[in-house]
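Everything on this sheet refers to the single structure shown next.
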Amino acid sequence: MTVATVLAFAAMAALLIMSPGPNGVLIAKTVPTSGKAAGFANIAGFAVAFFVHGAFATFGFSVLLLQSANLFLVVKLAGAAYLIWIGVKALIEAFRGAPAELIEVPPARNRRSLAKAFGEGFLTNALNPKVAMFYIAAFPQFIPHDSATPAAAFLLVAVHALLNMAWFGPMVLLFDRLSRVARSGRVQRFVKGLTGAVFVGFGIKLATLRV
């Protein structure tokens, strides 16, 4: 695999990462309430999901999502349901508001919160057929057919994961600094409400996705 091939893939992956999507919204929801460690756990979940999609694409499973309408429908609806569930949960929290005594509590940094943040990041990408289609449609085009190996494939996945970290890492740090100002109940309700609406929108859009 040539350097030019890796750079070409990196350019395409960067465009995918920088386009608006649920990953940025999830970080905006996670960091103000759970801290930057949870935000980086989100990013770790993104990366692991990329490797899962990369493995499926490498070993041919993801092709079934396009060849089997029923299998694609199951994955699509599971992903849409998950996004809508996150959105509805955030809307309910925004409607109810946060108890005043909890507003001054420092962001949670225990193992459970980090695991939950990791899981949310992982599922947001693992259950998204649009990410799978990126690995089906674009990913194989950058792997030389005469020297296609799992190592070459996972090298590209690693590039995708590193670019993802380079883009969302500073975003986590930014939201962590802003969160010192944004911990009032009114601001948190606004963020949760906006997050909920966007996630529900992404879920509905995903549920109606056609290929």
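Because the structure is predicted, anything quoted here is derived from the model rather than measured.
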Consider only side-chain heavy atoms of I, L, V, M, F, W and Y, link residues closer than 4.5 Å, and tell whether L173 and M171 are in one cluster. yes

Qualifying residues under side chain to side chain contact (heavy atoms under 4.5 Å, CB included), relative to A44, sequence neighbours excluded: F118

Can you see which heavy atom on L163 is nearest to which on A13, and at what distance? CD1-CB, 4.2 Å

Reported CH2-to-CZ distance for the pair W167 and F46, which is rounded to 0.5 angstrom: 13.5 Å

Please answer whether the main-chain N or O of N125 pairs with a side-chain N or O of H53 as donor and acceptor at a distance below 3.5 Å. yes

When every non-hydrogen atom of A47 is compared with those of A161, the smallest separation belongs to CB-CB, 3.9 Å

How many angstroms lie between CG in N23 and CG in N42, if you round to the nearest 0.5 Å? 8.5 Å

If you take all heavy atoms of A117 and A38, which pair is closest and at what distance? CB-O, 3.4 Å

Looking only at non-hydrogen atoms, find the nearest pair between T58 and P150 and report the distance. CG2-CA, 4.3 Å

Nearest heavy-atom pair of V6 and L155: which atoms, and what distance? CG2-CD2, 4.5 Å

Parallel, tilted or perpendicular, judged at 30° and 60°: which one describes the rings of F51 and F154? parallel

Restricting to non-hydrogen atoms, name the atom on F168 and the atom on I17 that form the minimum distance, rounded to 0.1 Å. CE1-CG2, 3.8 Å

Going by the angle between their ring planes, with limits at 30° and 60°, are H160 and Y135 parallel, tilted or perpendicular? tilted

Connected-component partners of L162 among ILVMFWY, side-chain separation under 4.5 Å: none

Under 3.5 Å: donor-acceptor pair, side chain of T33, backbone of T30: yes

